[in-house]
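Just so it is clear, the structure is predicted and the values come from calculations on it, not from any experiment. Chain A is the first sequence line, chain B the second, and so forth, proteins listed ahead of strands; every chain is numbered from 1. Just so you know, these numbers use all the heavy atoms, side chains as well, and skip hydrogens, waters and symmetry mates.
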Number of protein chains: 2
Amino acid sequence: MEPRPRGRPRTYDPAVALDQARAAFWNTGYAATSLDDLSAATGLNRPSLYGAFGDKKAMYIQALEKSRAEINVSLAAAFAPEDHLRTALTRVYEATAAIYMRGEAGPRGCFLVGTAVTEAVDDPDVRAVLAAALAEIDAAFEGRIRRAMEVGNLPGSSDAAGMARVATGVLNGMAVRARAGGDLATLRAMGASVVDLICGRAGR
Amino acid sequence: MEPRPRGRPRTYDPAVALDQARAAFWNTGYAATSLDDLSAATGLNRPSLYGAFGDKKAMYIQALEKSRAEINVSLAAAFAPEDHLRTALTRVYEATAAIYMRGEAGPRGCFLVGTAVTEAVDDPDVRAVLAAALAEIDAAFEGRIRRAMEVGNLPGSSDAAGMARVATGVLNGMAVRARAGGDLATLRAMGASVVDLICGRAGR
DNA sequence: CTCCATCTGTACCACTTCGAATCAAATTCC
DNA sequence: GGAATTTGATTCGAAGTGGTACAGATGGAG
């Protein structure tokens with residue numbers, strides 16, 4: 001238990017405030033989300049926001065990093081069980097499709113794909129987070145695919161790195177489609193199709 | 001030859017102005033691109049822009065529609081020749097990878113994926129254009145894949161619609177990666193990998 | 001109780017935004 | 001040549017932007 005800090009205690013939880021700020025960014029993107037929007041979303045007024053997270057850009061980067069971390073955790077969890085590759089991949093795509101479709105203002109897809117991609121060209125910091133996240137997702141897929149190859153679920157000659165990038169790419173495509181108004185069935189079908197292509201159509 | 005209109009002739013070409021405006025949107029996205037930026041990019045001052053295209057939103061929609069039309073034309077051209085499916089798909093992915101990598105301020109990917117995806121949740125008009133574009137790309141892939149099935153380049157039991165959505169998804173993923181700073185080799189490899197998955201690894 | 005560190009809230013600042021109004025310039029029709 | 005008509009440049013204004021200063025609130029330390 002860390003000792004209570006000296007002065008007046010804050011009346012909010014920075015973690016939930018960051019979640020609420022992220023939700024605001026998630027809907028309208030970085031540039032179109034004003035500090036007033038963030039203030040309304042979090043319930044904090046602007047000076048408090050500034051004190052808690054720094055400026056708008058820093059707040060956004062922290063939201064991006066949070067998503068990146070969450071993605072890593074859930075991918076690691078989904079890929080941990082030593083079941084069949086097809087089962088593992090299906091689990092990931094099903095879960096992702098469900099996540100991408102939620103949001104009270106309509107499906108919002110992936111936070112990174114939906115908002116950071118636009119900023120990435122002009123902003124090296126955003127670009128770095130996005131690139132790191134993609135590399136980590138690639139690595140998660142590739143590691144799981146390699147394990148399947150070792151176990152014999154996939155031919156030894158398979159191109160694990162290439163399959164992994166395709167797997168990530170379809171994930172990105174699902175995120176695009178979610179924001180474009182695609183329905184859950186389409187997203188799930190995309191996942192099922194790429195699983196078929198990677199594991200083989202018939203493959204059990 | 002249409003007769004010259006009545007008053008003072010305009011000193012610019014609306015088509016090239018739209019291209020220049022699109023280039024500005026392409027780099028920084030819709031929300032972060034101001035009318036001053038557009039004015040600087042096109043060489044037109046604000047009232048002229050307003051007169052030529054309407055407000056900022058209308059200008060953006062026109063840019064989106066232009067990209068959508070261009071994509072349709074180039075996909076139709078790339079899929080027209082009656083060569084092997086693998087050749088046709090490779091042609092599309094190679095050309096797309098090259099397009100996604102150009103841009104003087106770094107790779108900019110696909111205009112629709114790079115900018116419209118962010119706006120699509122809040123703006124039904126943008127969402128409609130994006131959804132229409134995706135559906136058309138799907139249809140182009142699916143039609144070409146069906147032809148390959150008829151010719152016997154692909155098993156008759158193949159899931160053409162599913163493969164097409166995966167093909168589109170990888171295209172979207174390449175666009176994401178381009179903006180994230182990915183290099184041309186990675187984009188090309190992604191295309192080659194999905195072509196292998198669709199056409200079969202060995203298939204010539 | 002007094003001092004002080006920290007947080008909250010109001011108000012404010014300089015700046016940019018989009019869009020409109022105004023006026024000057026250029027071209028065709030009569 | 002003169003009127004009509006369209007384009008172009010300058011300017012303006014109301015609203016919104018990100019960010020900050022300062023006073024008041026809140027609780028621990030001594």
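Side chain to side chain, B:Ser193 and A:Arg165 fail the donor-acceptor criterion of an N or O pair below 3.5 Å. Side chain to side chain, A:Ser39 and A:Asp36 fail the donor-acceptor criterion of an N or O pair below 3.5 Å.
For the pair B:Tyr12 OH and C:dA25 P, the computed distance is 19 Å after rounding to whole Å. Separating the CG atom of A:Asp36 from the P atom of C:dA11 is a distance of 15 Å, rounded to the nearest angstrom. One interatomic measurement links the two molecules: NZ of A:Lys56 to C1' of D:dG16, which rounds to 12 Å at whole-angstrom precision. Atom-to-atom, CG of A:Leu38 to C1' of D:dG18 comes out at 11 Å; the value is rounded to the nearest Å. Between B:Phe53 atom CZ and D:dG8 atom P there is a gap of 11 Å when expressed in whole angstrom units. The distance between atom CZ of A:Arg46 and atom C1' of C:dT10, rounded to the nearest whole Å, is 11 Å. Between A:Asn45 atom CG and C:dT8 atom P there is a gap of 8 Å when expressed in whole angstrom units. At whole-Å resolution of the value, CG in B:Leu44 and C1' in D:dT10 are 16 Å apart.
Between A:Tyr50 and D:dG18 there is no side-chain N or O to OP1 or OP2 distance below 4.0 Å. The shortest distance between the side-chain N/O atoms of B:Thr11 and the OP1/OP2 oxygens of D:dG8 is below 4.0 Å. OP1 or OP2 of D:dG8 lies within a sub-4.0 Å distance of a side-chain N or O belonging to B:Ser48.
Within 4.0 Å (heavy atoms only), B:Ser39 reaches no atom of the nucleic acid at all.
Taking only side-chain atoms of B:Ser34, from C-beta outward, the nucleotide of D:dT17, C:dG19, C:dT17 with the closest atom is C:dT17. If you check D:dG8, D:dA21, C:dG19 against the side chain of A:Pro47, the one that comes closest is D:dA21.
A tilted orientation is assigned to the rings of B:Phe25 and B:Phe111, their planes being inclined by 30° to 60°.
In B:Arg147, the CZ atom is crowded: over 12 heavy atoms of neighbouring residues, nucleotides or ligands sit closer than 6.0 Å.
In this structure a side-chain-to-backbone donor-acceptor pair under 3.5 Å is missing from B:Glu136 to B:Asn72.
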